[in-house]
Amino acid sequence: MAVQSWTDLIKASTKTALIHDGKRKIHYLFTDGKEMAEEYDLTTDELIVRKWRSKSTLKGQGPWEIEVGEPVPSTVACLESDVIKENCSNPVFMRKDTKTSFLWRVRNLPYPKEVYNISVEPDQRCCIIRTNNKKYYKKFNVPDLDRSQLPMDSSALNFTHANNTLIVSYKKPKEILTLEHELLREVKKLKGTNEGDVDCKTQ
């Protein structure tokens, strides 16, 4: 029921498609004023970016919040070389999915694999990364499961560590796989314009 509800929200949204730089970019405007932007690789159909924006309390546009993709470096970090050096050693948390799994990467974590403890907390509807040396702690949710109101499953969680990067994966349930397949099919039906075209086709 919840999966269908999310599908209905997607179908009811106003969608704009743009083809640029080997990517299919889709903008969704929902009936409540929220916006979602996605970018797909034209060759592999893999999701590269998903971000959200809500109206601010002052009726203006709020900032984009990235759900999937590389985090945007802050303006301060770009201007301050000392800050850049400091940030280079700080853990960087980001999500980059595959077609079958939700995938999170945490860069700049040099500790061996046995240091990490990753758990699913069904009551809190989140995953938690802990280290037994208490050097890193991260709590994060899986918005896709929340939107579809699907239960969290500890057996779907796995992790590995290589090259100072912790990689946490969560196998997508069949409901999500079906939903993503249907949405991608709908996205491909949109008449995407090339960048520079003024008249973007919407649905």
Tell me whether Arg147 is salt-bridged to Glu67, with the criterion being a basic N under 4.0 Å from an acidic carboxylate O. yes
Within this structure, what is the NZ-NZ distance for the pair Lys189 and Lys15, rounded to the nearest 0.5 Å? 10.5 Å
Just say parallel, tilted or perpendicular for the rings of Phe30 and Tyr28, cut-offs at 30° and 60°. parallel
Tell me, do Arg50 and Asp144 make a side-chain contact under 4.5 Å, heavy atoms counted? yes
Around atom NZ of Lys99, are there more than 12 heavy atoms from other residues, nucleotides or ligands closer than 6.0 Å? yes
Nearest heavy-atom pair of Ser119 and Arg130: which atoms, and what distance? OG-NH1, 3.2 Å
According to the interplanar angle, ranging from 0 to 90°, do the rings of His27 and Trp64 count as parallel (below 30°), tilted (30 to 60°) or perpendicular (above 60°)? perpendicular
Axial cation check for Phe93 ring with Lys138, 6.0 Å and 45° limits: yes
More than 12 heavy atoms of other residues, nucleotides or ligands under 6.0 Å from CZ of Arg53: yes or no? yes
Does Val187 belong to the same Ile/Leu/Val/Met/Phe/Trp/Tyr cluster as Leu29, with side-chain heavy atoms less than 4.5 Å apart forming each link? no
Interatomic distance, CG@Leu109 vs OH@Tyr116, rounded to 0.5 Å, equals 4.5 Å
Under 3.5 Å: donor-acceptor pair, side chain of Lys172, backbone of Thr98: yes
Under 4.5 Å between any side-chain heavy atoms of Met94 and Ile66, yes or no? no
Check step by step if salt bridge (Lys or Arg N to Asp or Glu O under 4.0 Å) holds for Glu121 and Lys139. CA-CA 10 Å; Glu121 305 294 337; Lys139 179 189 290 187; over 6 Å; no
From CA spacing to verdict: salt bridge (Lys or Arg N to Asp or Glu O under 4.0 Å), Asp45, Lys188: CA-CA 10 Å; Asp45 288 333; Lys188 286 185 172 183; 2.7 Å; yes
ILVMFWY network linking Val106 to Val120, side-chain heavy atoms under 4.5 angstrom: yes
Find out whether Val49 and Lys23 are in side-chain contact, i.e. whether some heavy atom of one side chain is under 4.5 Å from a heavy atom of the other. no
Would you check if the side chain of Thr44 reaches a backbone N or O of Glu46 as a donor-acceptor pair within less than 3.5 Å? yes
From Leu166 atom CG to Asn164 atom CG, the distance as rounded to the nearest 0.5 Å: 11.0 Å
If we only count heavy atoms from C-beta on, is the Cys127 to Leu157 side-chain gap below 4.5 Å? yes
Spacing of OG1 belonging to Thr14 relative to CD belonging to Glu35, to within rounding of 0.5 Å: 10.5 Å
Checking His161 side chain against Tyr111 main chain: does a donor-acceptor pair fall under 3.5 Å? yes
Check whether Asn108 reaches the backbone of Asn90 with its side chain - one donor and one acceptor, N or O, closer than 3.5 Å. yes
Lys113 vs Phe159 side-chain heavy atoms within contact, under 4.5 Å: yes
Tell me if a side-chain donor or acceptor on Asn117 pairs with a main-chain N or O of Thr131 at a distance below 3.5 Å. no
Would you say that Ser13 contacts Lys34 through its side chain, given a criterion of any heavy-atom pair below 4.5 Å between the two side chains? no
With a 4.0 Å cut-off on N to O distance, would you call Glu70 and Arg107 a salt bridge? yes
Side-chain heavy-atom pair Phe102, Val68 within 4.5 angstrom cut-off: no
If you count the non-hydrogen atoms of other residues, nucleotides and ligands that lie under 6.0 Å from NZ in Lys134, is the total more than 12? no
Evaluate Trp104 against Tyr170 for side-chain contact (heavy atoms from CB on, under 4.5 Å), listing each step before the verdict. CA-CA 9 Å; Trp104 299 267; Tyr170 186 104; 3.8 Å; yes
Does some side-chain heavy atom of Asp153 sit less than 4.5 Å from a side-chain heavy atom of Pro173? no
Can you tell me how far apart CG (Leu145) and CG (Leu150) are? Round to the nearest 0.5 Å. 6.0 Å
Nearest 0.5 Å please: distance from the CD atom of Glu186 over to the CD1 atom of Ile26. 11.5 Å
Are Tyr136 and Val168 connected in a single hydrophobic cluster, I mean Ile/Leu/Val/Met/Phe/Trp/Tyr linked by side-chain heavy atoms less than 4.5 Å apart? yes
Could you go step by step and tell me if Glu65 and Ser54 meet the side-chain contact (heavy atoms from CB on, under 4.5 Å) rule? CA-CA 9 Å; Glu65 295 182 9; Ser54 302; over 6 Å; no
Do Thr165 and Asn163 get their side chains close enough for a donor-acceptor pair, meaning under 3.5 Å? no
